[in-house]
Q: 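Can you read through this structure? Questions will come right after.
Bear in mind the structure is a predicted one, so any value in this text is a computation, not a measurement.
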Amino acid sequence: MTQGEGLTLHLAEAAARLATISDTPRLDAELLMAHALGIEREAMLLNARRLAVPGTFAGLIERRMAHEPVAYIIGYRDFWTVRIAVAPGALIPRPDSETLIDAAIAHFGDAGPATILDLGTGPGTLLIAALDSWPDARGTGVERSAAARVQAEGNVAANGMADRATIVAGDWHDAPQMRGLGLFDLILCNPPYVEDSADLAQQVRGHEPAEALFAGADGLDDYRIILPHIRAMLTHNGRAIIEIGYRQAEAVTAIAHAAGLTAQLHKDLAGRDRALCCTMAS
C-alpha cells in the first residue's frame, strides 16, 4: 500500500466511525487529518498520494468520537472571508450567521457603514467579518465573558484589525452602559435564543458555553432586553441586524415593534428565517 492509499483508507475508516456521531463525517475526518499534518485541507486533498498518515490522527478522531467539536480540536472555524480562532469558552461560529453579513451588505453596499457595534461578540466573529467587508469602517465588540474577550482580542490582532476594532467588557443587562457606547451605523447581534429545555446535540450542550446558547423558557429573554436599547444606539439611518431562531420571527418582530422598531426578515441559505434587520420606526 502506498502512502496515499493509506491516507485515503484512514480517512474512509475515520469517516465511517464518525458517521455515528456527526452529520458531516467525511468533512470532519478531512479537517482533522489536515490538522494532524499541519497543512490546509485543500493542500492535503491535492497532495494525498504523497502524504503519510501522522501518528496524532488517531487521537484526534477519539476526541471527536467523544463529541468534542471539530473547531475546538483544530482551533479555528472559517467564517465569511475570515478565519476565527476558537476555544472552549466562546461560541463556535455557524454558517447560518453569515446571513447577518449578507443582510448588512444588501443594505449598505460597497460604501458600508462607518461604525459597527457587535453585541455579544464572542470570539469576534461578526465584527471581524464586517470589518473585513468594509476596510474603512471601525468597530466595537462588546462581550461579558472574559474568556471570549481574550479570544476576540486575539482574532482582531490576527486579522490585522487592532487599529480599527476595540473589544470591551459589557453586558446588555446594564442599560446605561449600553447606551453610553455611542451611536452606530450598524449593530450586529447573535444573542442566546435557545429554549432552556431544548434537546441540543451533545457536542453543543456538552462543550459550548451555556450562557451563549440559552435564553429562558421560550428562548426570547435576551431579545426582550436587547431590542429596547437599539433606538438609542443607532444613527438616524442605521440598521440593527439580529439573529433569530428559525421559528422565532413572529415573536421577535413583535418585541421589536414594541420597542419602536420596524423589522425586515432575512432567510438563510436553507430558506429558514434567520435574521431581522431593524430600523427606527417613524
Q: If two hydrophobic side chains count as joined below 4.5 Å and joins carry through other members, does L117 share a cluster with L186?
A: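 Different clusters: L117 never reaches L186 through Ile, Leu, Val, Met, Phe, Trp or Tyr contacts under 4.5 Å.
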Q: Does D110 have more than 12 heavy atoms from other residues, nucleotides or ligands lying within 6.0 Å of its CG?
A: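 No - once you tally the heavy atoms of other residues, nucleotides and ligands closer than 6.0 Å, there are 12 at most.
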Q: Could you check if a side-chain atom of Q248 sits within less than 4.5 angstrom of a side-chain atom of D273, using non-hydrogen atoms only?
A: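 Side chain of Q248 against side chain of D273, heavy atoms only: no contact under 4.5 Å found.
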Q: Please check if L126 and I116 belong to a single hydrophobic cluster, counting links between Ile, Leu, Val, Met, Phe, Trp and Tyr side chain heavy atoms closer than 4.5 Å.
A: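 Both belong to a single hydrophobic cluster.
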Q: If you take all heavy atoms of L37 and A52, which pair is closest and at what distance?
A: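 Reported closest heavy-atom pair: CD2-O, 3.4 Å.
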Q: With a 4.5 Å heavy-atom cut-off, do L127 and I167 have their side chains touching?
A: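 Sidechains of I167 and L127: in contact.
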Q: If we ignore hydrogens and angles and just use 3.5 Å, is the side chain of R274 paired with the main-chain N or O of L269 as donor and acceptor?
A: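 No, R274 side chain to L269 backbone: no donor-acceptor pair under 3.5 Å.
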Q: May I ask you to decide if R247's main-chain N or O and R272's side chain share a donor-acceptor pair within less than 3.5 Å?
A: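 Checked: no pair found.
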Q: I'd like to know if D174 pairs up with R144 as an ion pair, taking the criterion as any Lys NZ or Arg NE/NH1/NH2 lying under 4.0 Å from an Asp or Glu carboxylate oxygen.
A: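 Salt bridge absent between D174 and R144.
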Q: Using salt bridge (Lys or Arg N to Asp or Glu O under 4.0 Å) as the criterion, list what pairs up with E211, not counting sequence neighbours.
A: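 Scan of E211 (salt bridge (Lys or Arg N to Asp or Glu O under 4.0 Å), adjacent residues dropped) gives none.
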Q: Is it true that R149 and E153 make a salt bridge, defined as a side-chain N closer than 4.0 Å to a carboxylate O?
A: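 No.
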Q: Between E62 and R17, is the closest basic N to carboxylate O distance under 4.0 Å?
A: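 Looking at R17 and E62, the cut-off is met.
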Q: What verdict does the side chain to side chain contact (heavy atoms under 4.5 Å, CB included) test give for T20 and M65, after you've listed the backbone C-alpha separation in whole Å, the side-chain angles of each residue and the deciding distance to 0.1 Å?
A: CA-CA 9 Å; T20 63; M65 287 299 297; 3.7 Å; yes
Q: Which distance, rounded to the nearest 0.5 Å, do you find between the CD1 of I242 and the CD1 of I187?
A: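 That separation rounds to 7.0 Å.
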Q: Are the side chain of R164 and the backbone of P135 linked by a donor-acceptor contact shorter than 3.5 Å?
A: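 Yes, because the side chain of R164 sits within donor-acceptor range (under 3.5 Å) of the backbone of P135.
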Q: Measure the shortest side-chain to side-chain distance between L119 and M178 over non-hydrogen atoms and say whether it is less than 4.5 angstrom.
A: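 Sidechains of M178 and L119: in contact.
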Q: Are side-chain heavy atoms of Q264 and T262 found at a separation under 4.5 Å?
A: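 Q264 does not reach T262 side chain to side chain.
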Q: Got a donor-acceptor contact below 3.5 angstrom from the R239 side chain to the A104 backbone?
A: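 Flag not set: sc R239 to bb A104 has no pair under 3.5 Å.
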Q: Output yes when a side-chain donor or acceptor of R94 lies under 3.5 Å from a complementary backbone atom of I92, and no otherwise.
A: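 Yes.
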Q: Working to the nearest 0.5 Å, report the span between CD1 of I230 and SG of C189.
A: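 Rounded to the nearest 0.5 Å, the CD1-SG separation comes to 7.0 Å.
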Q: So, N159 side chain and M161 main chain: donor-acceptor pair closer than 3.5 Å or not?
A: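 The answer is no, because no donor-acceptor pair under 3.5 Å joins these two groups.
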Q: Could you walk me through whether L220 and V252 pass the side chain to side chain contact (heavy atoms under 4.5 Å, CB included) test, one step at a time?
A: CA-CA 7 Å; L220 302 175; V252 182; 3.8 Å; yes
Q: What is the minimum heavy-atom distance between F79 and P93, and which atoms define it?
A: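 Smallest heavy-atom distance, with atoms named: CD1-CB, 3.8 Å.
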Q: Is any side-chain N of the basic residue among R83 and E40 closer than 4.0 Å to the acidic one's carboxylate O?
A: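 Looking at R83 and E40, the cut-off is met.
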Q: Can R63 and E68 be counted as an ion pair, charged N to O under 4.0 angstrom?
A: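 Between E68 and R63 there is a salt bridge, with a charged N closer than 4.0 Å to a carboxylate O.
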Q: Would you say the side chain of M33 lies within less than 4.5 Å of the side chain of V53, judging by non-hydrogen atoms?
A: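 Answer yes - side chains close enough.
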Q: Check each of V86, L60, L32 against I74 using the side chain to side chain contact (heavy atoms under 4.5 Å, CB included) test, and report the only one that passes.
A: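 Answer after filtering V86, L60, L32: L32.
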Q: So which residues get pulled into L200's cluster when ILVMFWY side chains under 4.5 Å apart are joined, directly or through others?
A: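 The other cluster members (ILVMFWY side chains, heavy atoms under 4.5 Å, direct or chained) are L91, V194, V204, L213, F214.
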Q: Do the side chain of D185 and the main chain of A114 share a donor and acceptor less than 3.5 angstrom apart?
A: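 Yes.
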Q: CD1 of I21 to CG of D28: how many Å apart, nearest 0.5 Å?
A: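 Here the interatomic distance stands at 6.5 Å.
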Q: Mind checking whether Y193 and L265 sit in one hydrophobic cluster, side chains of I, L, V, M, F, W, Y counted as touching below 4.5 Å?
A: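 Per the 4.5 Å side-chain linkage, Y193 and L265 are co-clustered.
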Q: Around atom CG of L27, are there more than 12 heavy atoms of other residues, nucleotides or ligands at under 6.0 Å?
A: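 Enclosed.
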Q: Taking the side chain as everything from C-beta on, heavy atoms only, tell me whether W172 gets closer than 4.5 Å to V142.
A: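 Side-chain contact under 4.5 Å: no.
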Q: Side chains of V70 and Q203, heavy atoms from C-beta outward: is any pair under 4.5 Å?
A: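 Heavy-atom side-chain distance check fails, nothing below 4.5 Å.
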Q: Say you draw a straight line from NE2 of H35 to CZ of R41; how long is it, rounded to the nearest 0.5 Å?
A: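 Reported to 0.5 Å precision, the distance equals 15.5 Å.
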Q: Under a 4.5 Å cut-off applied to non-hydrogen side-chain atoms, are D96 and Y246 in contact?
A: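 Result no, sub-4.5 Å side-chain heavy-atom pair not found.
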Q: As a test of understanding, state which of L227, T253, L100 forms a side chain to side chain contact (heavy atoms under 4.5 Å, CB included) with L276.
A: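 Of all the options given, the one that passes is T253.
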Q: Drop me the distance from T125's OG1 to R77's CZ, to the nearest 0.5 angstrom.
A: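 Rounded to the nearest 0.5 Å, the OG1-CZ separation comes to 10.0 Å.
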Q: Angle class for the F108/W134 ring planes (parallel below 30°, perpendicular above 60°, tilted otherwise)?
A: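 Answer is perpendicular, since the angle exceeds 60°.
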Q: At their closest point, which heavy atom of L18 faces which heavy atom of A29, and how far apart are they?
A: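 In this case the closest contact between L18 and A29 is CD1-N, 3.9 Å.
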Q: Testing the basics here: between E143 and G122, what is the closest heavy-atom pair and its distance to 0.1 Å?
A: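 Nearest heavy atoms, E143 then G122: OE1-N, 2.8 Å.
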Q: Working to the nearest 0.5 angstrom, can you tell me the gap between D118 CG and I128 CD1?
A: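 D118 atom CG to I128 atom CD1 measures 9.0 Å (nearest 0.5 Å).
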Q: Identify, with sequence neighbours excluded, every residue that meets side-chain contact (heavy atoms from CB on, under 4.5 Å) alongside S133.
A: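 Partners of S133 under the side-chain contact (heavy atoms from CB on, under 4.5 Å) test: W80, I101, I105.
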Q: Compare every heavy atom of V82 with every heavy atom of I84, then report the nearest pair and how far apart it is.
A: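 Taking every non-hydrogen atom into account, CD1-CG2, 3.8 Å.
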Q: Which atom pair, heavy atoms only, marks the closest approach of T99 to H266?
A: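 Taking T99 first and H266 second, the nearest heavy atoms are CG2-CB, 4.2 Å.
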